[in-house]
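Numbers restart at 1 for each chain; the letters A, B, ... are given by sequence-line order, proteins then strands. Please read these numbers as outputs of a predicted model, since none were measured by experiment.
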Number of protein chains: 2
Amino acid sequence: MPSHPAFELFVRKLCERSRLTDDERRAILAIDGQEVEIPPHRDIVRPGEVTEFSCLVVSGMAARFGQLPDGTRQITAVYIPGDMCDLYSLMLPKVEWALQALSSRLTIIKVPHRPLLELVRAYPAVAEAFWRDCVADASILSQWVVNVGRRDARMRTAHLFCEIGLRMEKAGLGSRTAFQLSAIQSQLADALGMTPVHMNRVIRALRQDNLLLVQGRDVQVPDWDALAAVGGFDGAYLELDDRWRRVE
Amino acid sequence: MPSHPAFELFVRKLCERSRLTDDERRAILAIDGQEVEIPPHRDIVRPGEVTEFSCLVVSGMAARFGQLPDGTRQITAVYIPGDMCDLYSLMLPKVEWALQALSSRLTIIKVPHRPLLELVRAYPAVAEAFWRDCVADASILSQWVVNVGRRDARMRTAHLFCEIGLRMEKAGLGSRTAFQLSAIQSQLADALGMTPVHMNRVIRALRQDNLLLVQGRDVQVPDWDALAAVGGFDGAYLELDDRWRRVE
DNA sequence: CGTGTACTTGAGCGTACTCAAACATAGTGG
DNA sequence: CCACTATGTTTGAGTACGCTCAAGTACACG
């Protein structure tokens, strides 16, 4: 019986960073959960909640965000198919952020914590692989702070599109120069710490410079190196290759 | 033979979030490393480097930061005594950030990865405790993004001082209303994504409102609740209590 | 007593914000 | 087939927060 494609994608990503035996891989693929469709604007998990599952993205995109008392939101992570959102919660089930659909159509698999915990306790190598996945997520988060804190709106935007493009390409969902982005401008603004109006102007400016063409879902990058230069982008932080992984 | 106080502090922090047996605690305390003093403005680790140790802060403060091509810096984490900086690097030895002294006097213990790895492989509960520590660090990082992305300079500053105060108090290094901060204004500016000049004005304004008194190393908070209100601070994200930790 | 480091203050400017409205586009029901 | 509605994008005008450049002050240290 073939396992779910999203799990295959997830395991493939893990194996890019960690060395897993066939046995361990099979053990991960044996896990399953409830596949659900999430309507837009509804929280999958809410801040302060104690969760009992992590979410594997099947199709569409999800985002993790923090919220201020006045309702202002800041997206702190974007998840694409094959990403296990909130793997963190396996170690700290009380989450301090919200998880929401970014796209109008999001399908996820709710993976219960219990079998995941049994898995990491049976296979230490899997525990390390999951831990490493969390660390890679934190590496992206760290870059996000730099992005929001020290780059201007134009650089920030270019940087985000480079990151998402590269991640989509690595996941086999289009190329870095042409992919589907299921997020509207005001959500991008929430990710980059700016207002929707200004977001619009920046995207427009990038389009006029022929650096970035966003039309509805479709994103096209005529000259990727140029966009990367504008964003000061260096993809090393994504930790997507295993050249320097510990192998002992 | 008594172990180093910094290790005691580290283990105490771990135990606030994770359940460890005496045996496991002793195993962690048995680790040691080289104690070194780090002069200011010198990197402990540099981006792109492959590290072979993590750093346990003994005294003073350290910071992790990202750097832009033009040399602009953004601090993404602040570490106080008892914190194991860069525990991340145990899983991903090639680091994408720099680690530097924040204070003029920083003493750390360079803890080699090898014994740490042997430890986590011998004691799965220790691996989980370390993993959980990384997740808590990421929780702080996530809040940092919200702080820099969506709060104005005044809120941001108040929030940072609330966070550091609370962490210092929990570590037994002063109270949230009176502690020693070994960072200069331009470093605070690097942490909050603003210029040193503006940082100065904001601190000054907070002082005039009798919310925050910073004088040299000394930080005093006349009315902590008021400062927390200004910063919209809720300490839950620090994950410093174990009420909701998984105990199974 | 000179030098270096950190802090303080001032003036002018620009990026990004706010408020507001117009314009697409797609879906829905009469 | 055309209002009608909802959602998202685009544009304009005015404002302000935080930046830059620049100078001056306080204090520690050799």
message = Does atom CZ (B:Arg105) have a neighbourhood of more than 12 heavy atoms from anything else shown, all under 6.0 Å?
response =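 Result for CZ/B:Arg105: open.
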query = More than 12 foreign heavy atoms under 6.0 Å from CZ of B:Arg217: is that the case here?
reply =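 Yes, because the 6.0 Å sphere around CZ of B:Arg217 holds more than 12 heavy atoms from other groups.
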Rounded to whole angstrom units, what separation is found between the [atom1] atom of [X] and the [atom2] atom of [N]?
| X | N | atom1 | atom2 | answer |
| --- | --- | --- | --- | --- |
| A:Ile203 | D:dT10 | CD1 | C1' | 12 Å |
| B:Gln185 | D:dT25 | CD | C1' | 14 Å |
| B:Ile184 | C:dA6 | CD1 | P | 4 Å |
| A:Asn200 | D:dT9 | CG | P | 8 Å |

request  = By nearest nucleotide on DNA chain D, pick out whichever of A:His41 and A:Arg204 is the more 5' one.
outcome  =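 Upstream on the strand: A:His41.
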ask   = Is there a side-chain contact between A:Asp137 and A:Arg64, using heavy atoms and a 4.5 Å cut-off?
value =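 Contact flag for A:Asp137/A:Arg64 side chains = yes.
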request  = Quick one: sort the B:Tyr237 and B:His159 rings into parallel, tilted or perpendicular, breaks at 30° and 60°.
outcome  =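 The rings of B:Tyr237 and B:His159 lie parallel, inter-plane angle below 30°.
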task = Return the orientation label for the A:Tyr88 and A:Trp97 ring planes: parallel under 30°, perpendicular over 60°, tilted otherwise.
result =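 The rings of A:Tyr88 and A:Trp97 sit tilted, inter-plane angle from 30° to 60°.
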message = What's the separation between atom CZ in B:Phe10 and atom CG in B:Leu56, rounded to the nearest 0.5 Å?
response =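 Spacing of CZ (B:Phe10) from CG (B:Leu56) equals 7.0 Å.
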query = Nearest 0.5 Å, what's the OG1-CG distance between B:Thr76 and B:Leu141?
reply =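 One gets 6.0 Å once the value is rounded to the nearest 0.5 Å.
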Interface residues of residues 209-219 of chain B with DNA chain C (non-hydrogen, below 4.0 angstrom) =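 Under 4.0 Å from DNA chain C: no residue of residues 209-219 of chain B.
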key: Heavy-atom donor-acceptor pair, A:Asp83 side chain to A:Ile80 backbone, under 3.5 Å   =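 A pair under 3.5 Å: yes.
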note = Once base and sugar-phosphate atoms are separated, protein heavy atoms under 4.0 Å mark nucleotides 10-25 of chain C, 5' to 3', with B, S and - as BB----BSBBB-----
